[in-house]
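Below you'll find the structure, written out as structure tokens, and then a few comments.
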Amino acid sequence: MRLFDNDGWPNFSETDGILSSPANIIMIWGGRGTGKTYTCLKDTLDAGKDFLFLRRTPGQVDTIAADPSMWPFSPINRDTGRLIMPERVKGLRGMYRIMDEQDPDNPQQVGVVSSVVTLGRTRGFSSNTTERIILDEYQKDELDYYRKGEGLGLANIYETVNRNRELRGKEPCKLILMSNAVGMANPYYMQWDVVDIIDKMIGTRRRWMYLPDRGIMLVDLADSPIAARKKDTALYRSLAGTDFYRSALENQYAGEEKSRTESRDLIQYRPVVCVGRLCIYRHKSNDSYYVCEHMSGAAPVYGTGHYDLLRFRLRYARLYDSYMARKIIFERYSDEIYFRQIWEA
């Protein structure tokens with residue numbers, strides 16, 4: 001499989017590129033301005049695939065549809081002579097039909113653009129002809145925040161679009177997520193439980209991984225030839241060595257805030273409490289803690305409902321203080337992300 005074409009752009013070919021994988025869930029992260037959105041959308045249009053193009057929020061969708069300079073299909077229109085334009089769906093904020101208006105007398109709908117927030121809360125809509133769901137910019141930047149339930153919302157969208165087509169002998173819909181490398185602590189990695197796999201991929205410089213038992217493909221576009229060429233441009237010369245440079249060009253999760261992660265022998269610890277999927281232990285000889293998913297011994301158990309989490313936070317507020325004092329060791333990075341989410345819920 002070739003991740004890049006002969007010109008250095010991401011290769012979405014179904015013959016020898018990213019989409020040649022048998023995976024139906026494909027998560028991609030790469031540098032800024034290296035062609036992820038352009039090449040994926042152009043390949044989708046060229047292949048004649050009916051598609052759903054998503055951004056995370058309704059405001060983001062309205063912004064990209066407001067002006068040709070923001071519209072992600074404008075570069076494709078410029079380069080191919082096509083006229084792919086948005087047409088607002090009346091009565092719904094952040095939803096547009098994607099129309100091919102090259103023949104003004106016979107415009108054709110080729111897709112729909114909407115948001116995870118909008119469709120994740122919508123049930124019963126029909127999308128039985130959709131062949132690809134493309135979520136662009138699924139990792140937020142520092143100026144934004146994740147909305148509650150985004151990961152679950154995308155799973156609901158896929159369920160609604162895909163429905164039972166596989167039970168009827170049809171091919172499942174492809175879900176393609178693309179983003180800059182901004183943060184592993186995002187709701188989509190957590191929803192599909194791939195944080196720790198991606199963490200290991202980055203540590204071993206593995207650029208792609210197919211999980212055959214789960215039908216997931218993970219793609220790191222860190223070796224982008226386009227990113228390599230951009231290093232000698234004005235902006236990146238001025239920002240060399242900064243977190244922005246590392247995230248934008250080297251595809252590093254430069255701002256990741258990780259505590260100590262390692263597997264510990266539970267014989268050294270006493271169980272304190274279990275909450276959601278986590279079990280929290282205190283060391284027998286000092287005031288440090290260990291957090292993992294394994295239960296050993298008896299401890300109070302709290303669920304993830306609103307009131308159970310309130311009760312947990314009131315009863316065990318000291319655990320948050322210990323976390324801020326870096327006195328907690330986590331078995332996996334995803335355990336730390338889950339722990340933080342408990343206090344932010």
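Everything numeric here is computed off the predicted structure, so don't read it as measured data.
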Checklist outcome for this item: Residue set satisfying salt bridge (Lys or Arg N to Asp or Glu O under 4.0 Å) with Lys42, at least two apart, ordered chain then number -> Asp46

Checklist entry - CG of Leu52 to CD1 of Ile133: how many Å apart, nearest 0.5 Å? => result 5.5 Å

Item to check | Test side-chain contact (heavy atoms from CB on, under 4.5 Å) applied to Leu3 and Arg207, step by step | outcome: CA-CA 9 Å; Leu3 295 184; Arg207 297 315 186 203; 4.0 Å; yes

Under 3.5 Å, which donor-acceptor pairs link side chains of residues 226-238 to any protein atom two or more places apart or in another chain?
unit_1, atom_1, unit_2, atom_2, d
Arg229, NH2, Asp7, O, 2.9
Lys230, NZ, Arg32, O, 2.8
Thr233, OG1, Lys230, O, 2.6
Arg237, NH1, Asp232, O, 2.4
Ser238, OG, Leu235, O, 2.6

Checklist entry - Taking the side chain from Arg147 and the backbone from Val116, do they hold a donor-acceptor pair closer than 3.5 Å? => result no

Checklist entry - Do other residues, nucleotides or ligands put more than 12 heavy atoms under 6.0 Å from Lys258 NZ? => result yes

Next on the checklist: Donor-acceptor check, side chain of Glu336 to backbone of Tyr333, threshold 3.5 angstrom: yes or no?
Outcome noted: no

Checklist entry - Does Arg206 come within less than 4.0 Å of Asp220, counting only side-chain N to carboxylate O? => result no

Checklist entry - Can Met1 be reached from Tyr210 by stepping across I, L, V, M, F, W or Y side chains whose heavy atoms are under 4.5 Å apart? => result yes

Checklist entry - Quick check: does any side chain N or O of Asn164 sit under 3.5 Å from a backbone N or O of Leu167, one acting as donor and the other as acceptor? => result no

Checklist entry - If you round to the nearest 0.5 Å, how far is CG of Asp136 from OG of Ser179? => result 7.5 Å

Next on the checklist: Tell me whether the count of non-hydrogen atoms from other residues, nucleotides or ligands lying under 6.0 Å of CZ in Arg277 goes above 12.
Outcome noted: yes

Checklist entry - Could you go step by step and tell me if Arg168 and Glu166 meet the salt bridge (charged side-chain N to carboxylate O under 4.0 Å, His left out) rule? => result CA-CA 5 Å; Arg168 301 193 301 270; Glu166 293 166 84; over 6 Å; no

Item to check | Hphob cluster co-occupancy, Leu152 + Leu309, side-chain heavy atoms under 4.5 angstrom | outcome: no

Checklist entry - Is the shortest distance from a Lys or Arg side-chain nitrogen in Arg82 or Glu101 to a carboxylate oxygen in the other one below 4.0 Å? => result no

Checklist entry - Are Glu159 and Arg163 close enough for a salt bridge, meaning some N to O gap below 4.0 Å? => result yes

Checklist entry - Is it true that atom NZ of Lys327 has more than 12 heavy atoms of other residues, nucleotides or ligands lying nearer than 6.0 Å? => result no

Checklist entry - With a 3.5 Å cut-off and no angle check, do the side chains of Tyr189 and Gln139 form a donor-acceptor pair? => result yes

Next on the checklist: Are Ile18 and Tyr38 linked, directly or through intermediate hydrophobic residues, by side-chain heavy-atom contacts shorter than 4.5 Å (ILVMFWY only)?
Outcome noted: yes

Checklist entry - Hey, is the main chain of Gly17 close enough, under 3.5 Å, to the side chain of Ser20 for a donor-acceptor pair? => result yes

Checklist entry - Stepwise, does the salt bridge (charged side-chain N to carboxylate O under 4.0 Å, His left out) test hold for Asp144 with Arg56? => result CA-CA 11 Å; Asp144 198 1; Arg56 292 178 37 250; 2.7 Å; yes

Checklist entry - When you check the gap from the basic side-chain N to the acidic O, do Arg264 and Glu331 get nearer than 4.0 Å? => result no

Next on the checklist: Please check: side-chain N/O of Asn180 versus main-chain N/O of Val182, any donor-acceptor pairing under 3.5 Å?
Outcome noted: no

Item to check | Flag if over 12 foreign heavy atoms under 6.0 Å of CD, Glu262 | outcome: yes

Checklist entry - Roughly how far, to the nearest 0.5 Å, is the CD atom of Glu137 from the CG atom of Leu54? => result 13.0 Å

Checklist entry - Does Trp71 use its side chain to pair, donor to acceptor, with the backbone of Ile84 at less than 3.5 Å? => result yes

Checklist entry - Tell me the ring pair (Phe, Tyr, Trp, His ring centres under 6.0 Å) pairs involving residues 140-187, sequence neighbours left out? => result none

Checklist outcome for this item: In Asp16, Asp5, Thr39, Asn6, the residue satisfying side-chain hydrogen bond (donor to acceptor under 3.5 Å, both in side chains) with Asn11 is Asp16

Next on the checklist: Is there a path of hydrophobic side-chain contacts, each under 4.5 Å between heavy atoms, that joins Trp9 and Ile134?
Outcome noted: no

Checklist entry - How long is the span from the CG atom in Leu278 to the OH atom in Tyr302, to the nearest 0.5 Å? => result 15.0 Å

Checklist entry - Which value, rounded to the nearest 0.5 Å, describes the distance between Leu177 atom CG and Ile216 atom CD1? => result 10.0 Å

Next on the checklist: Which label fits Phe51 and Phe73: parallel for a plane angle under 30°, tilted from 30 to 60°, or perpendicular past 60°?
Outcome noted: tilted

Item to check | For Gly151 against Trp192, the heavy-atom pair lying closest together | outcome: O-CZ3, 4.1 Å

Checklist entry - Considering the options Lys170, Arg165, Lys49, Lys174, which one meets the salt bridge (Lys or Arg N to Asp or Glu O under 4.0 Å) requirement together with Glu131? => result Lys49

Checklist entry - So, Thr34 side chain and Gly31 main chain: donor-acceptor pair closer than 3.5 Å or not? => result yes

Checklist entry - Is atom CZ of Arg78 surrounded by more than 12 heavy atoms (other residues, nucleotides or ligands) closer than 6.0 Å? => result yes

Checklist entry - Between Ser74 and Met70, is there a donor-acceptor pair closer than 3.5 Å when you use the side chain of the first and the backbone of the second? => result no

Checklist outcome for this item: In Trp343, Phe312, Tyr289, Phe339, the residue satisfying ring pair (Phe, Tyr, Trp, His ring centres under 6.0 Å) with Tyr320 is Trp343

Item to check | Arg313 versus Ile342, closest heavy-atom pair with distance | outcome: NH1-O, 2.6 Å

Checklist entry - Are Val291 and Leu266 co-members of a hydrophobic cluster defined by side-chain heavy atoms under 4.5 Å apart? => result no

Item to check | Atom pair OG1/CZ of Thr261 and Arg332 - distance to nearest 0.5 Å | outcome: 11.0 Å

Next on the checklist: Between Asp287 and Arg318 (salt bridge meaning N to carboxylate O under 4.0 Å), is one present in this structure?
Outcome noted: no

Checklist entry - Is it true that Glu14 and Arg132 have a side-chain N and a carboxylate O under 4.0 angstrom from each other? => result yes

Checklist entry - Is the backbone N or O of Gly183 less than 3.5 Å from a side-chain atom of Asn186, with the two atoms forming a donor-acceptor pair by type? => result yes

Next on the checklist: Using a 3.5 Å distance criterion without hydrogens, assess whether the side chain of Asp196 forms a donor-acceptor pair with backbone atoms of Ser334.
Outcome noted: yes

